[in-house]
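The model shown is predicted, which means the values in this text are computed figures rather than measured ones.
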Amino acid sequence: MALHATTIRFADRAYTAIARAADAQGISVSQYVREAALVRAVLDDLDDASEAVHTGHALLAFARETRRLAEVVPPGPPRAN
């Protein structure tokens with residue numbers, strides 16, 4: 001799968017707000033912006049507002065669960081055999 005890079009410029013206040021939101025969720029600004037763009041693309045493709053609200057909630061729940069599952073537990077002391 002090909003990956004595409006793009007440059008996005010934000011004013012200082014906008015970047016600070018995005019960075020705070022991303023940090024609060026424990027993700028990078030890049031990941032936050034990627035997820036936001038994908039959510040918008042999906043929502044823009046829907047037919048009506050009620051479908052968009054339902055799908056938006058489902059996407060948010062999915063993203064939170066995915067992040068929770070991806071969390072790595074720091075290693076503890078070695079187990080005794």
- Task: Answer with yes or no whether the hydrophobic clustering places Tyr15 together with Tyr32; edges join I, L, V, M, F, W, Y residues whose side-chain heavy atoms lie under 4.5 Å apart.
- Result: yes
- Message: Assess the residue pair Thr16 and Phe10 against the criterion (side chain to side chain contact (heavy atoms under 4.5 Å, CB included)); give the C-alpha distance rounded to whole Å, side-chain angles, the decisive distance to 0.1 Å, and a yes or no.
- Response: CA-CA 9 Å; Thr16 299; Phe10 295 104; over 6 Å; no
- Query: Of the non-hydrogen atoms in Ala22 and Ser28, which two are nearest, and what is the gap between them?
  - Reply: CB-O, 3.7 Å
- Query: If you round to the nearest 0.5 Å, how far is CZ of Arg34 from CD1 of Ile8?
  - Reply: 9.5 Å
- Note on the structure: One should read off an interatomic distance between Gln25 CD and Arg20 CZ, to the nearest 0.5 angstrom, of 15.0 Å
